[in-house]
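Computation of the quantities below employed the complete heavy-atom set of this structure, encompassing side-chain atoms and omitting hydrogens, waters and symmetry-equivalent molecules. Just so you know, these numbers come straight off a predicted model, no measurement behind them.
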Amino acid sequence: MKKIVYILILFQSLTGAVWAQSYTTTTRHNYTLSDIVDSTIVRTYNDTVILTCCHFRGSVQSYSHQFLLRYSRTQSPRVLKLPRLNNSYGEECYRITDMRIWNDTCYFCGKCEYIERIDHVYDLDNHIHYYPVVTTRGFMGYFSIPSALTTDTTSIYLKKLSGVADARRMTVYIQGGWGTGITILGELHGGTQQTCLVEMHKTVVHPHEWTYFKEYLTNTDDTLTDVIEVDGELVVSSVLAEDKDIVGFRHVKVSDGGFYNGDPATKNNLYKYNIRDFVCNDCHLYAGFCRHEGHPVLMCPAAGDFVAAINGSYYGVDGCFEPAGYTLLLRMISPNNMGDVLAVECGNHIKVKELTHLPSSNVTEVLIKHCWHEWLDSAYTMLHSALWGTMPVGQSYTYTVLRQSDGDFHSIDNYRGHSVSLSGRYWSSTPFEGVQRYYDHFNSCYTVHWPGYIHTCRMPTIGYELELEEWKHSDNTTDTWGRVQCTTSPSATTHCSH
């Protein structure tokens, strides 16, 4: 029998006693909820609370999302329910797509679909016909985590963003005298599918009043794909519309001016990298690497640097061979300084879902959806661990990956710098979350896949080409956000640990 040692640390906060636990095991917590969950997002708060957001596909319940907040040493979470909201024409359908924790607040963003108005038209017989006009808006919301952990009613502040059709990714940071700053990557309203950044900061007048503006590129062929904050700088990734060989990065110092009115030394600089120059014979990338069409470049901070993940494959006789799958991982010291590159062989029809970095182990954990065969039942998401700086350029190694039997991983986050928190659901729609140690995949609550077909190849880095691009921006909008009173309550869970 293994000897399991738990180290418990008790500290006092303004909201009461909080416990922290240093795991020597991996854990999985299964939640039996009363409706079908189709997506989850997990984040870690103060290395003591696992926070999981669940979206309900159906309309059986009176709420669209549940936030599950569980202290890492306990089994039962607190549950915060976001109710279904309506306007005069019916339900407004909200879906959260990203979530970040900053200080004691959980921020989230997503897309809301709703009927904006009812148009009427008379036919030739003078009969009137009514047509609902459906539209979408990006939104941002937030709530206090200590309030959700300690009270029975918690306020969620929510606002649809003017002129934004969709909010996909977000980052939260300290913004000088303004306090909290938020940058959201979304899409401009109006059907152009042009991406934009929403730069937000709190006003000095009211704690729940925010000023924000939209900024977007004059070059409409440049599609923004992700945004993060690294050591006081905003970093944005992008791809060029019809070019599978080029990925780009740009950065600017954090300020209330964003890229449009930011640091003049960097605000217009796009650093372009031709990924076809990555040639690795041991990985069968004889003719270079190409990005799969329509797939974004995702990023995560990495101890002062950042890591970018790109879906792609190799060039064949007829061009980019898209069914075969690799994930290219770029370790970037800065947007204009590439430090290291890894290529992960992943199978077929792949999609990177999320990545996070574990600084204690110098490992980047990546969730990648695979389809090893053409059959639908062969698709599942696996957790890959990319270890940096351990092998010579041009050589490869195998490692062990994890997945969930009869289910799928959805989201990951850094847990204490040495482990990864996970969330997902079973095919039965039961959600789960837990913690996995990096160094011991064989001691796991999740399914271990033996090594042998996953190869990681380290490749030489390449330089960039510099291109200057201009930004446009909208006028500032100042809004006081609506408040929704939401109930919080305990919930039961089944627990697995190893």
Side-chain angles (χ1 to χ4, degrees), residues 168-176 181-188 194-201 212-278 289 291 295-310 312 328-341 460-474:
R168 302 168 185 173
R169 305 281 291 178
M170 69 186 308
T171 186
V172 187
Y173 44 84
I174 187 71
Q175 194 179 64
I182 298 175
T183 299
I184 294 176
L185 189 151
E187 181 182 305
L188 290 175
Q194 184 177 359
T195 51
C196 67
L197 298 178
V198 183
E199 301 286 359
M200 315 184 69
H201 59 264
Y212 63 94
F213 67 91
K214 303 178 293 293
E215 56 183 357
Y216 45 95
L217 292 164
T218 56
N219 179 11
T220 58
D221 290 334
D222 193 336
T223 299
L224 309 177
T225 63
D226 202 2
V227 57
I228 58 175
E229 185 269 339
V230 182
D231 283 355
E233 289 194 329
L234 286 180
V235 179
V236 177
S237 59
S238 66
V239 298
L240 300 181
E242 301 298 329
D243 197 330
K244 298 180 182 180
D245 298 343
I246 303 296
V247 299
F249 304 98
R250 50 173 56 85
H251 64 137
V252 72
K253 290 181 180 179
V254 166
S255 71
D256 58 1
F259 280 87
Y260 173 79
N261 197 28
D263 181 7
T266 59
K267 67 177 184 178
N268 295 325
N269 295 347
L270 172 64
Y271 302 97
K272 299 194 304 183
Y273 293 85
N274 191 329
I275 55 178
R276 189 165 186 174
D277 289 345
F278 293 115
F289 188 88
R291 178 181 59 86
H295 286 234
V297 178
L298 299 183
M299 301 182 293
C300 72
D305 306 336
F306 68 94
V307 177
I310 307 165
L328 195 66
L329 298 177
L330 310 180
R331 183 70 180 265
M332 305 295 297
I333 300 171
S334 66
N336 57 344
N337 189 352
M338 183 182 299
D340 210 346
V341 184
T461 61
I462 63 169
Y464 62 86
E465 292 183 4
L466 177 62
E467 182 174 315
L468 300 180
E469 291 190 333
E470 296 293 333
W471 292 81
K472 296 181 180 179
H473 85 300
S474 66

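- Under the ring-ring contact (aromatic ring centres under 6.0 Å, His included) criterion, Y464 pairs with Y271, sequence neighbours left out.
- Within the 4.5 Å cutoff, side-chain heavy atoms of K472 are placed close to those of T218.
- Contacts of F306 classified as ring-ring contact (aromatic ring centres under 6.0 Å, His included), with partners at least two apart in sequence or in another chain: F249.
- Nearest heavy atoms, S255 versus G262: OG-CA, 4.3 Å.
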Query - Verdict with supporting geometry, Y273 and I310, side-chain contact (heavy atoms from CB on, under 4.5 Å) - result: CA-CA 12 Å; Y273 293 85; I310 307 165; over 6 Å; no

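- Under the 3.5 Å distance criterion, the side-chain polar atoms of E199 are left unmatched by any main-chain donor or acceptor of G258.
- Contact annotation: the side chain of N268 never approaches that of E469 to less than 4.5 Å [non-hydrogen atoms, C-beta and beyond].
- Considering every non-hydrogen atom in both G304 and V230, the closest pair reads O-CG1, 3.5 Å.
- Within a 6.0 Å radius of OH in Y216, other residues, nucleotides and ligands contribute more than 12 heavy atoms.
- Between M332 and D305 the shortest side-chain heavy-atom distance does not fall below 4.5 Å.
- Rounding to the nearest 0.5 angstrom, the gap separating the CG atom in N337 from the OG1 atom in T461 is 8.5 Å.
- Within the 4.5 Å cutoff, no side-chain heavy atoms of I184 are placed close to those of Y212.
- Remark: Y173 pairs with no residue by the ring-ring contact (aromatic ring centres under 6.0 Å, His included) rule, at least two apart or across chains.
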Check: residues 222-229 side-chain donor-acceptor pairs under 3.5 Å, at least two apart:
residue	atom	partner	partner atom	Å
D222	OD1	S238	OG	3.0
D222	OD2	R250	NH2	3.1
T225	OG1	S237	O	3.4
T225	OG1	S237	OG	2.7
T225	OG1	V297	N	3.4
T225	OG1	V297	O	2.8
D226	OD1	R169	NE	3.0
D226	OD2	R169	NH2	3.3
D226	OD2	M299	N	2.8
E229	OE2	G232	N	2.7

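- When atom types are taken as modelled, the side chain of R291 and the backbone of D243 share a donor-acceptor pair closer than 3.5 angstrom.
- For S334, the side chain to side chain donor-acceptor pair (under 3.5 Å) test picks out N336, with sequence neighbours left out.
- The CG atom of L185 sits 11.0 Å away from the CG atom of L234 when rounded to the nearest 0.5 Å.
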**Report entry** Intermediate values then yes/no, side-chain contact (heavy atoms from CB on, under 4.5 Å), K272 and L240
**Finding:** CA-CA 10 Å; K272 299 194 304 183; L240 300 181; 4.2 Å; yes

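- Rounding to the nearest 0.5 angstrom, the gap separating the CD atom in E465 from the CG atom in L270 is 10.5 Å.
- Judged as a ring-ring contact (aromatic ring centres under 6.0 Å, His included), and not counting sequence neighbours, the contacts of F259 are W471.
- Across M338 and V341, no two heavy atoms sit closer than the pair SD-CG2, 3.5 Å.
- Using a 4.5 Å heavy-atom cutoff, the side chains of I246 and V239 are not in contact.
- In terms of modelled atom types and a separation under 3.5 Å, the side chain of Q175 and the main chain of I182 share no donor-acceptor contact.
- Rounding to the nearest 0.5 Å places CG of L197 at 12.5 Å from CE of M170.
- The two residues K267 and N261 have their closest heavy-atom pair at NZ-CA, 4.4 Å.
- For the atom pair CG (D277) and CZ (F289), the distance works out to 13.0 Å, reported to the nearest 0.5 Å.
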